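As the structure is a prediction and not an experimental result, all values here were calculated from the model.
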Amino acid sequence: MASKTVKTSDEILCEGELEKRSDSLFQVWKKKRCVLTADRLRLFSGNSDRPKELYFHSILKVDCVEHTSKYVYFTIVTNFYKEIDFRCTVESCWNAAITMALIDYQNRRALEEFRRFRYQHSASETQSSPGGRRALGP
């Protein structure tokens, strides 16, 4: 029997430095300390203890834009099509870690929705059959 591993939202999948391009006119790269968990990416600024959080339920996809010999440039696209640009060193593989965590999150959500649909469907069949019993099919 296979064991089930469930990731909690507090479990750290990846931690380290990532650079985010600012929204300002000059679009400078700012280093952020980042923590990736099963349901979000936390971005800490150097002067603040309170992180900015990108929850996976609000992320549509991660686009890899460009590879250079030193950096990987990628964009996180939100559900409202806001694009947030990042870069990481080639060795750190932040883009891959975020992409895999996002896929895992989306798969868990899809399974939850399927189970909820199946449960609601079976509950409605039980209520609609006479005597509260499910009708047997041919």
Side-chain angles (χ1 to χ4, degrees):
M1 175 185 258
S3 65
K4 230 193 228 186
T5 58
V6 178
K7 293 178 182 146
T8 65
S9 60
D10 294 333
E11 180 184 346
I12 295 174
L13 305 176
C14 190
E15 187 172 8
E17 193 173 271
L18 188 58
E19 293 184 55
K20 179 184 173 291
R21 187 159 53 185
S22 67
D23 294 332
S24 68
L25 178 65
F26 297 112
Q27 296 186 337
V28 295
W29 291 100
K30 295 183 180 178
K31 291 183 181 185
K32 305 284 184 181
R33 187 176 67 81
C34 298
V35 176
L36 179 65
T37 63
D39 69 341
R40 74 190 83 169
L41 176 65
R42 291 185 180 115
L43 304 166
F44 294 87
S45 292
N47 56 2
S48 175
D49 290 335
R50 186 172 173 175
K52 289 186 179 180
E53 296 182 311
L54 291 171
Y55 288 90
F56 287 150
H57 67 79
S58 66
I59 296 175
L60 186 62
K61 62 182 175 175
V62 178
D63 279 338
C64 188
V65 178
E66 182 183 357
H67 282 265
T68 65
S69 60
K70 189 175 179 180
Y71 293 110
V72 175
Y73 295 84
F74 62 98
T75 301
I76 292 179
V77 181
T78 68
N79 290 339
F80 299 109
Y81 298 98
K82 179 182 178 191
E83 295 183 352
I84 307 165
D85 296 326
F86 293 94
R87 75 179 180 186
C88 62
T89 59
V90 173
E91 303 84 31
S92 69
C93 299
W94 268 101
N95 60 317
I98 295 168
T99 301
M100 295 305 293
L102 178 62
I103 290 169
D104 186 50
Y105 175 83
Q106 290 171 338
N107 285 341
R108 283 186 278 121
R109 289 274 306 256
L111 278 172
E112 289 169 7
E113 288 177 25
F114 173 74
R115 288 181 183 135
R116 188 176 10 218
F117 171 78
R118 193 170 71 184
Y119 174 77
Q120 289 172 348
H121 184 69
S122 67
S124 66
E125 278 185 356
T126 303
Q127 291 173 354
S128 66
S129 63
R133 294 186 180 187
R134 292 178 71 180
L136 297 176

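Distance CG/L41 to CG/L43: 4.5 Å, rounded to 0.5 Å. Between D23 atom CG and K82 atom NZ the span is 5.5 Å, to the nearest 0.5 Å.
In this structure, E19 and W29 approach most closely via the heavy-atom pair OE1-CB, 3.4 Å. Residues R108 and A38 come closest through the heavy atom pair NH2-O, 2.9 Å.
In the hydrophobic clustering of this structure, L13 groups with F86; members are Ile, Leu, Val, Met, Phe, Trp, Tyr whose side-chain heavy atoms approach within less than 4.5 Å, directly or through other members. Following chains of ILVMFWY side-chain contacts shorter than 4.5 Å, one cannot reach L18 starting from Y73, and the two form parts of different hydrophobic clusters. Using a 4.5 Å cut-off between side-chain heavy atoms of Ile, Leu, Val, Met, Phe, Trp and Tyr, with links allowed through other members, I12 and F44 fall into the same hydrophobic cluster.
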Please table the atom pairs, donor to acceptor, closer than 3.5 Å between any side-chain atom in residues 90-102 and protein atoms at least two apart or in another chain.
| residue | atom | partner | partner atom | Å |
| --- | --- | --- | --- | --- |
| S92 | OG | T89 | O | 2.9 |
| S92 | OG | T89 | OG1 | 3.4 |
| W94 | NE1 | E17 | O | 3.2 |
| T99 | OG1 | N95 | O | 2.7 |

Which pairs would a plain distance check flag for residues 52-66, meaning a side-chain donor or acceptor within less than 3.5 Å of a matching protein atom at least two apart in sequence or in another chain?
| residue | atom | partner | partner atom | Å |
| --- | --- | --- | --- | --- |
| E53 | OE1 | Y55 | OH | 2.8 |
| E53 | OE2 | R40 | NH1 | 3.2 |
| E53 | OE2 | R42 | NE | 2.8 |
| Y55 | OH | R40 | NH1 | 3.3 |
| S58 | OG | Y55 | O | 2.7 |

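A side-chain N or O of Y105 and one of R109 form a donor-acceptor pair less than 3.5 Å apart.
Partners of F114 under the side chain to side chain contact (heavy atoms under 4.5 Å, CB included) rule, at least two apart in sequence or in another chain, are R118.
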